[in-house]
Amino acid sequence: MKIVGESEVAEGKSVKFRFERKGKYVDGFVARFQGELVAFENKCRHLPLSLDYGDNQFFSRDGKHLICQTHGAIYEPISGLCVRGPCDGESLKPIKIEIRNGAIWLAD
Ligand code: FES
């Protein structure tokens with residue numbers, strides 16, 4: 001499944017997507033941080049809530065971390081590791097992606 005054109009995910013920006021896995025919908029997002037593309041499930045590791053408020057806002061105000069809007073858990077953008085907040089030490093679930101023909105594809 002094609003997610004989005006590679007150039008459509010600018011530095012510090014994200015694009016949300018949804019796909020089906022074993023009959024269930026999974027919400028995810030792809031983001032670019034320090035030039036690198038990452039993709040995670042849009043689900044906090046504290047409670048099963050989306051990280052954003054449906055507004056595609058995943059980065060902290062300073063742009064250095066991913067943040068859960070509900071209780072403020074802070075995640076490392078590349079590894080997905082929670083470094084502060086109620087789920088400290090847990091990690092966002094990565095989604096496998098691949099870059100092909102100028103686009104980002106789901107490889108999961
Ligand atoms: S639901 Fe994300 S920090 Fe509580």
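Counting convention: from 1, in listed order, for ligands and their atoms alike. When reading the values below, keep in mind they use all heavy atoms of this one structure, side chains included, and skip hydrogens, waters and symmetry mates.
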Exercise. Hey, is Arg21 close enough to Glu41 for a salt bridge, meaning N to O under 4.0 Å?
Worked result: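 Looking at Arg21 and Glu41, the cut-off is met.
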For this session: Compile the protein residues with any heavy atom at a distance under 4.0 Å from an atom of ligand 1; present them by chain, then by number.
Result: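 Cys44, His46, Leu47, Leu49, Cys68, Thr70, His71, Ala73, Pro86.
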Problem set entry | Atom NZ of Lys43: over 12 foreign heavy atoms under 6.0 Å |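 Open.
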Problem set entry | Pairwise side-chain contact, Phe17 with Leu106, heavy-atom cut-off 4.5 Å (strictly under) |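 In contact.
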Problem set entry | Side chain proximity check, Phe58 to Asn42, heavy atoms < 4.5 angstrom |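 Yes, their side chains come closer than 4.5 Å.
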Exercise. Given the rule that I, L, V, M, F, W and Y join up when any side-chain heavy atoms are under 4.5 Å apart, are Ile3 and Phe19 in one cluster?
Worked result: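 Yes: a chain of side-chain contacts under 4.5 Å links Ile3 to Phe19.
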Exercise. Going hydrophobic residue to hydrophobic residue with side-chain gaps under 4.5 angstrom, can you get from Val30 over to Met1?
Worked result: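 In one cluster with Val30: Met1, yes.
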